[in-house]
*Asks:* 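Here it is, the structure, as structure tokens.
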Amino acid sequence: MQRWSKLFIPTLREAPTDAEVASHKILLRAGYIRQLGAGIYSYLPLGQRSINKICAIVREEMNKIGQEFLLPTLNPRELWEESGRYAVMGDNMFHLKDRKGADLVLAMTHEEVITSIARNELRSYKQLPQIWYQIQTKFRDEPRPKSGLLRVRQFLMKDAYSFDIDAAGLDESYNKHDAAYRAIFTRCGLQFVAVEADSGAMGGSGSQEFMVYTDAGEDLIASSASGYAANLEKAISQLAPVEDLAPTGDGTPELVSTPGKASIADVTEFFGIQSSQDIKCVAFMGARAGHPAGEPLRPIVAFLRGDHQVNETKLTAIAGTADLRPMTPEELALHIGGPAGFLGPIGIEQVMTQGSLNGLKSGKALDKLKGVLRDVPSEGIKTIVVLDLGLEGRKNLVCGANKLDYHYRNVTPGRDFTQTLIADIRNINEGELDPIGGQPLRLGKAVEVGHIFKLGYKYTESMGARVLDANGKEVMPIMGCYGIGIERILTAAIESSAASFKAQFPDTEKAGDQYALSPTIAPYEVVVTITNVREADLLAAGEKIAADLSAAGVDVLLDDRDERAGVKFKDAELIGVPYRINIGKKLAEGQVELVDRLQQSTTDVTVESITNHLQSLLNASKQ
RNA sequence: CGGGGCGUAGCGCAGUCUGGUAGCGCACCUGCUUCGGGAGCAGGGGGUCGGAGGUUCGAAUCCUCUCGCCCCGACCA
């Protein structure tokens, strides 16, 4: 049992102006954290207790599948040069020199350190599989730290790495982490979704992010009732059928004068059509992925339905570029042949047309095409034309004529123009149906609390880790990596809870600061509030109840401060503890009040039964 | 790195335009009263105005430089 009167819990009545998001304000006001610099925070006793509880849960679950390490954060620069990440990380990594002038870095993650241990120690397939993890401070020189503990430069991360002899083994290690992560987040009281993630340039075979919906998040994810969930960068949907326009005249493309009609809205109004019956053109220049700067940029033109938005991550992956930027007017004229507002697919000189690669949509053929695109040098390259899947099979569309103040109608893909490839390159929209169960998709901001990723051979190859297999042949172990942001669990829990309180009491002035944590991660499971410590009966009863609870194994905080009841109630709520026992007037009748902040209920319980009553509540919450 | 905003007491803010040597609320300390939803009255302590330089008889206030923090964007294995 701990006594509030002896503790350091510096609560604030008002939040510092620097705090913008709910969790940041709450963490400051509740005395969990204090800021030292941009993206650098001290964890005060309450914050530390909560963090410790989260770490304990992570350890318990991770110990079921792996072994804990403690690894150095101070790393020699050479180690990161070996893996090739020294250059990749650039300014995102903190650099320093020791007294001899040797270059050191502060580790952002521990793939390099772990792999160096693996290559030195692992010799045989008999030593595999291994799952190694650590919970440590990581450093990232974020270009823009923000939102309290959500995006910081120094933070705790649980990082795990698996080494397996083959892909089947990696699948197993990956699945173990999937299960462990679900257990961890559930025990922490989080409502999460596991989404398919963009595996980036590495093209790994599997990658899942564990996300918690909150407006403070920086990612957009789509999910539906049938269990489909994906990052917007990966999400696909079923499109409702769209009625094609009836052909006019002889049904072939017809040039129409459309003076000044440069926007989708103008054009659809002019023709009296839906935006889904119009073709939108988005034009980019991009550097070929994996090639040195200085190579000429390549033109990439995307065509989508007028009511759809291009997803640059998808387009980047498809086109094999490292990045994209919009074309300048000069580039539009050169590569497409028309002015902005009147761009269209007819007449573009493409990198490849009508070839065997044309029209491929998925699978190995698509991968092959992407490979080919990557291998085409940029010198003198013709335009790469990408048609979004949403336009496949459509007829009699309206599009720009690549001529100022003119559009075409009766344009049919495949008949009137071809493309380099057809692919999914758009953002899904909320309300569209998911691809597996046909349920409406919900789109929302979310924060990433965990990520599991099939790494493959990236590090074992570059850093030279080898073991002998059963045939005595030297093979590379295959790796997976798996991260959890410890502070983000706390932050996400606060954000979610604060948001639901706010939704419930939209009018309450400070609803944004109302929240409650799961007892599993709250700094204390219960606060025993003696409403007036000057009344000997109340004081004695509170002491006894707190002592009993403590003896029963409950993590209890006794508010024995000589403060007014209102102050104590407010403080107890501020620190997010889910249960509160009020020792007050009803004691004369042998009763105390149990306030359940998660259920938002208050019940009278007899002094004799309060310990058992609370214990059963706590046990239920741990299921 | 681009755009915007802000640094005055522990927290929230006023004062800056129109220079005259710093003020309010909360918090803190003392006393009395009060005691179930951030108490009342009285008294009190605390800042040299982010930093440096300059202009001036005189600078929180004007000028120059600089440091820091927040927000939007870019970036984010």
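What you see is a predicted model; the values in this text were computed from it and never measured. Throughout, protein chains are lettered first and strands after them, A, B, ... in sequence-line order, and every chain is numbered starting at 1.
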*Asks:* Taking only residues two or more places apart in sequence, or in another chain, which ones meet A/Ala565 in a side chain to side chain contact (heavy atoms under 4.5 Å, CB included)?
*Replies:*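 Scan of A/Ala565 (side chain to side chain contact (heavy atoms under 4.5 Å, CB included), adjacent residues dropped) gives A/Thr531, A/Phe569.
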
*Asks:* Which part of the nucleic acid, if any, lies within reach of A/Glu142 when heavy atoms closer than 4.0 Å are counted: base, sugar-phosphate only, or nothing?
*Replies:*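 Answer is nothing: A/Glu142 stays at 4.0 Å or more from every strand.
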
*Asks:* NA contact type, A/Ile40, heavy-atom cut-off 4.0 Å: base, sugar-phosphate, or nothing?
*Replies:*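 It contacts nothing in the nucleic acid.
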
*Asks:* So, does the side chain of A/Glu593 form a donor-acceptor pair with the base of B/G36 at under 3.5 Å?
*Replies:*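 In this structure, the two groups form a donor-acceptor pair.
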
*Asks:* Determine the contact category for A/Glu448: base if any of its heavy atoms lies under 4.0 Å from a base atom, sugar-phosphate if only primed atoms, P, OP1 or OP2 are that close, otherwise nothing.
*Replies:*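 Answer is nothing: A/Glu448 stays at 4.0 Å or more from every strand.
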
*Asks:* Of the nucleotides B/C11, B/G38, B/C70, which one has an atom closest to the side chain of A/Asp18?
*Replies:*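 Selected nucleotide: B/C70.
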
*Asks:* Looking at every strand, decide which applies to A/Ala15 at a 4.0 Å heavy-atom threshold: base, sugar-phosphate, or nothing.
*Replies:*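 The answer is sugar-phosphate, as A/Ala15 gets under 4.0 Å only of primed atoms, P, OP1 or OP2.
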
*Asks:* In whole angstrom, what separates A/Asp562's CG from B/U34's C1'?
*Replies:*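 Rounded to whole Å, this separation is 12 Å.
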
*Asks:* Once ring-ring contact (aromatic ring centres under 6.0 Å, His included) is applied, do any residues pair with A/Tyr174, and if so which ones, sequence neighbours excluded?
*Replies:*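 Result, ring-ring contact (aromatic ring centres under 6.0 Å, His included) vs A/Tyr174: none returned.
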
*Asks:* Once you round it to whole Å, what is the distance between C1' of B/G4 and CD of A/Glu20?
*Replies:*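 Value for this atom pair: 13 Å.
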
*Asks:* Tell me the ring pair (Phe, Tyr, Trp, His ring centres under 6.0 Å) pairs involving residues 477-496 of chain A, sequence neighbours left out?
*Replies:*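 Qualifying pairs: A/His177-A/Tyr482.
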
*Asks:* Hey, does A/Arg580 reach any base, or is it just sugar-phosphate, or nothing, if we go heavy atoms under 4.0 Å?
*Replies:*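 A/Arg580: base contact, heavy atoms under 4.0 Å.
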
*Asks:* Check RNA chain B against residues 581-592 of chain A and give the residues with a non-hydrogen atom under 4.0 Å, in numerical order.
*Replies:*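 Output list: A/Asn582, A/Gly584, A/Lys585.
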
*Asks:* Roughly, in whole Å, what's the span from CD in A/Glu218 to P in B/G73?
*Replies:*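 Taking CD of A/Glu218 and P of B/G73, I get 9 Å after rounding.
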
*Asks:* Return the 5'-most residue of the pair A/Pro145, A/Asn92 with respect to RNA chain B, ranking by each residue's nearest nucleotide.
*Replies:*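 Counting from the 5' end, the first nearest nucleotide belongs to A/Pro145.
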
*Asks:* Among residues at least two apart in sequence or on other chains, which ones pass side chain to side chain contact (heavy atoms under 4.5 Å, CB included) with A/Pro477?
*Replies:*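 In terms of side chain to side chain contact (heavy atoms under 4.5 Å, CB included), with neighbours along the sequence ignored, A/Pro477 is linked to A/Leu128, A/Phe163, A/Thr460, A/Ala465, A/Val467.
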
*Asks:* So A/Pro16, base contact, sugar-phosphate only, or nothing? Heavy-atom distance under 4.0 Å.
*Replies:*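 Contact class for A/Pro16: sugar-phosphate only.
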
*Asks:* Any side-chain N or O of A/Thr11 less than 4.0 Å from the OP1 or OP2 oxygen of B/G38?
*Replies:*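 For B/G38, neither OP1 nor OP2 has a side-chain N or O of A/Thr11 closer than 4.0 Å.
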
*Asks:* Using a strict heavy-atom distance below 4.0 Å, which residues from residues 71-83 of chain A are in contact with RNA chain B?
*Replies:*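 Here the set is empty: none.
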
*Asks:* Kindly state each residue pair satisfying salt bridge (charged side-chain N to carboxylate O under 4.0 Å, His left out) with at least one member in residues 107-117 of chain A, sequence neighbours excluded.
*Replies:*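 Residue pairs passing salt bridge (charged side-chain N to carboxylate O under 4.0 Å, His left out), neighbours aside: A/Arg85-A/Glu111, A/Arg85-A/Glu112.
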
*Asks:* Return the set of residues passing side chain to side chain contact (heavy atoms under 4.5 Å, CB included) with A/Leu7 (not counting sequence neighbours), or none when no residue passes.
*Replies:*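 Scan of A/Leu7 (side chain to side chain contact (heavy atoms under 4.5 Å, CB included), adjacent residues dropped) gives A/Gln2, A/Ile9, A/Tyr524, A/Leu557.
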
*Asks:* OP1 or OP2 of B/C70 sitting under 4.0 Å from any side-chain N/O of A/Gln35?
*Replies:*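 Checking B/C70 against A/Gln35, a side-chain N or O does come within under 4.0 Å of OP1 or OP2.
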
*Asks:* When you compare B/G37 with B/G4, how far apart are their P atoms, in angstrom units rounded to a whole number?
*Replies:*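 Result for the P pair: 49 Å, nearest Å.
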
*Asks:* Name all pairs fulfilling the ring pair (Phe, Tyr, Trp, His ring centres under 6.0 Å) condition that reach into residues 1-33 of chain A, sequence neighbours left out, sorted by first residue then second.
*Replies:*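 Qualifying pairs: A/His24-A/Tyr41.
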
*Asks:* Between B/C70, B/G36, B/G38, which nucleotide gets closest to the side-chain atoms of A/Ala565?
*Replies:*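 The nucleotide sitting nearest to the side chain is B/G36.
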
*Asks:* When you measure from every atom of RNA chain B, which of residues 528-541 of chain A have a heavy atom less than 4.0 Å away?
*Replies:*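 Under 4.0 Å from RNA chain B: A/Thr531, A/Asn532, A/Arg534.
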
*Asks:* Taking 4.0 Å as the cut-off, does a side-chain nitrogen or oxygen of A/Arg564 come that near to OP1 or OP2 on B/A39?
*Replies:*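 So the side chain of A/Arg564 is within the cut-off, an N or O lying under 4.0 Å from OP1 or OP2 of B/A39.
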
*Asks:* Whether the side chain of A/Arg140 and the base of B/A77 hold a donor-acceptor pair under 3.5 Å is what I'd like checked.
*Replies:*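 In this structure, the two groups form a donor-acceptor pair.
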
*Asks:* Sequence neighbours left out, what passes side chain to side chain donor-acceptor pair (under 3.5 Å) with A/Gln309? Give chain and number order.
*Replies:*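 Partners of A/Gln309 by the side chain to side chain donor-acceptor pair (under 3.5 Å) criterion come out as none, since no residue qualifies.
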
*Asks:* Scan A/Val88 against the nucleic acid and name what it touches under 4.0 Å (heavy atoms): base, sugar-phosphate only, or nothing.
*Replies:*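 A/Val88: no heavy atom of the nucleic acid under 4.0 Å.
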
*Asks:* Could you go step by step and tell me if A/Gln504 and A/Gln514 meet the side-chain hydrogen bond (donor to acceptor under 3.5 Å, both in side chains) rule?
*Replies:* CA-CA 11 Å; A/Gln504 220 170 329; A/Gln514 291 283 316; over 6 Å; no

*Asks:* Taking only residues two or more places apart in sequence or in another chain, which ones pass side chain to side chain contact (heavy atoms under 4.5 Å, CB included) with A/Lys138?
*Replies:*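 Listed in chain order: A/His110, A/Gln134, A/Phe155, A/Met157, A/Asp159.
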
